[in-house]
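Report on the structure given below.
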Amino acid sequence: ELGPYSHFMQKEIHEQPKALSDTIEAVLENGFAAGLFGARAAELLPQVEGVKILACGTSYYAGLTAKYWIESIAGISCDVEIASEYRYRDAFANPKHLVVTISQSGETLDTMEALKYAKELGHSMALSICNVRESAIPRASELVFYTRAGAEIGVASTKAFTTQLVGLFALAVTLGKLRGRVDAAAEHDYQEALRQLPGSVQHALNLEPQIKAWSDKFAAKQNALFLGRGLHYPIALEGALKLKEISYIHAEAYPAGELKHGPLALVDESMPVVVIAPNDALLEKVKSNMQEVRARGGELFVFADLDSHFSESDGVHVIRTPRHVGVLSAIVHTIPVQLLAYHVALARGTDVDKPRNLAKSVTVE
Ligand code: M6R
């Protein structure tokens, strides 16, 4: 079942070009049509005036990424909340807001209960982004987008996350289209970005030997920081969660601009700092954050784009992701942090597919 791979996690990381192609297929065939989200979507999506995303763990980070797309592409407000928090607070419900739950398994108890609570509060439009057909959460939702990642066995979620991002991106563009903010030319560009995505992800997978070469430097560490900005901040969060889950290294992620508001106090020679630094509008800002780290002796591990000017120097290690895919760059930049966590865990000899204390599907509180 594992083929040439040593663990399900590694296999599932490598399955991403296929999982993404399968998930994208319908969008490439039919464009960003409401029908992608189920039979009632043509009736419900035009009524949507805002989005509330509810999820846990990695799926929550997919939601945080989606907020950037939904607000910039669809031009409507989007808030994202951890399901276990939402379900126990006196929340404000706007029935014109679409509740979006994100869940690989479709059975996560906190997410299911948050959905039920949203319904009690008066929400009547719920969309489930899910990888398991006919599981509990999509069955309780009016709308559904099934990711086509195939079965995910490793406890650490990988291909489910990147395919969730595709579903959420499709939602942002579809809402943008319905609101007259995405014209035919823009729709074509977004489709083209999706078409190129599996190839870009494959290029990122080819970085595995270079990433493996970094893993020994991490294996002896107790702590690590991950930094990103904008769309890449949630990817930094995801990288830190992956590292925590399977290598048991304490890892935290921050938006790079927050460093000087506290976490910089943690940085010294023993702190590795992973930076997601694609060549986007925030790159210069990220570079100055990196200088703040270097000045305190922190060792930098930078994922940069091929076309950006970064040089390796003492304490600064750089891996270049081969191709930048604009608005979908967050998906491509997920691959290196997954591979890093995997190889650090291997170097530490942990049980990669079944990390201690964790279950694949969290159906209890
Ligand atoms: O099945 P779900 O997507 O609802 O699961 C949510 C989280 O339990 C899950 O993403 C968890 O954080 C993973 N172990 C992350 O790798």
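Basis for what follows: all heavy atoms, side chains included, without hydrogens, waters or symmetry-related copies. Keep in mind it's a predicted model, so treat the numbers as computed, not measured.
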*Do Val155 and Leu109 share a hydrophobic cluster, counting only Ile, Leu, Val, Met, Phe, Trp and Tyr and linking them when any side-chain heavy atoms are less than 4.5 Å apart?*
no

_Nearest 0.5 angstrom please: His188 NE2 to Phe32 CZ, how far?_
11.0 Å

*What is the distance from atom CG of Leu175 to atom NZ of Lys177, rounded to the nearest 0.5 Å?*
11.5 Å

*asked:* If the condition is ring-ring contact (aromatic ring centres under 6.0 Å, His included), which residues does Tyr190 pass it with, not counting sequence neighbours?
replied: Phe169

*Do Arg296 and Glu269 meet the salt-bridge criterion of a basic N to acidic O distance under 4.0 Å?*
no

*asked:* Hydrophobic cluster membership, with links at side-chain heavy-atom distances under 4.5 Å among I/L/V/M/F/W/Y: are Leu358 and Ile249 in one?
replied: no

*Between the side chain of Lys67 and the main-chain N/O of Cys78, is any donor-acceptor distance below 3.5 Å?*
yes

*Does Ser135 use its side chain to pair, donor to acceptor, with the backbone of Val132 at less than 3.5 Å?*
yes

*Do Val166 and Leu197 have side-chain heavy atoms sitting under 4.5 Å apart?*
yes

*asked:* Quick check: Phe226 with Tyr254 (ring centres under 6.0 Å apart)?
replied: no

*asked:* Tell me every residue that passes salt bridge (charged side-chain N to carboxylate O under 4.0 Å, His left out) with Arg320, counting only those two or more places apart in sequence or in another chain.
replied: none

_Once side chain to side chain donor-acceptor pair (under 3.5 Å) is applied, do any residues pair with Tyr5, and if so which ones, sequence neighbours excluded?_
none

*Taking C-beta and beyond as the side chain, do Leu143 and Met125 meet within less than 4.5 Å on heavy atoms?*
no

_For Glu15, give me all partners under salt bridge (charged side-chain N to carboxylate O under 4.0 Å, His left out), at least two apart in sequence or on another chain._
Lys11, Lys159

*Hey, does Val51 have a side-chain heavy atom less than 4.5 Å from the side chain of His97?*
no

*Centre of Tyr248's six-membered ring, under 6.0 Å away, within 45 degrees of the axis: is that where NZ or CZ of Arg356 sits?*
yes

*Under the salt bridge (charged side-chain N to carboxylate O under 4.0 Å, His left out) rule, collect the residues that match up with Glu25, sequence neighbours excluded.*
Arg148

_Could you tell me if the side chain of Ile319 sits less than 4.5 Å from the side chain of Trp214, heavy atoms only?_
yes

*Given Phe303, which of Ile235, Val274, Ile335 fulfils the side-chain contact (heavy atoms from CB on, under 4.5 Å) condition?*
Val274

_Any heavy-atom pair between the side chains of Val286 and Leu227 that's under 4.5 Å?_
no

*Taking the side chain as every heavy atom from C-beta outward, state whether Val337 and Lys242 have any atom pair closer than 4.5 Å.*
no

_With heavy-atom distances below 4.5 Å as the criterion, would you say the side chains of Phe8 and Leu2 are in contact?_
yes

*Does Phe218 have its ring centroid less than 6.0 Å away from the ring centroid of His343?*
no

*Starting at CG of Leu45, measure out to CG of Leu171 and round the result to the nearest 0.5 Å.*
6.5 Å

*Just by distance, do the side chain of Glu252 and the backbone of Ala224 share a donor-acceptor pair under 3.5 Å?*
no

_Note, Ile276 side chain near Pro278 side chain (heavy atom, < 4.5 Å)_ = yes

*Kindly give the cluster partners of Leu121, where membership spreads through any ILVMFWY side chain lying under 4.5 Å from a current member.*
Leu54, Tyr86, Val99, Met112, Leu115, Tyr117, Ile137

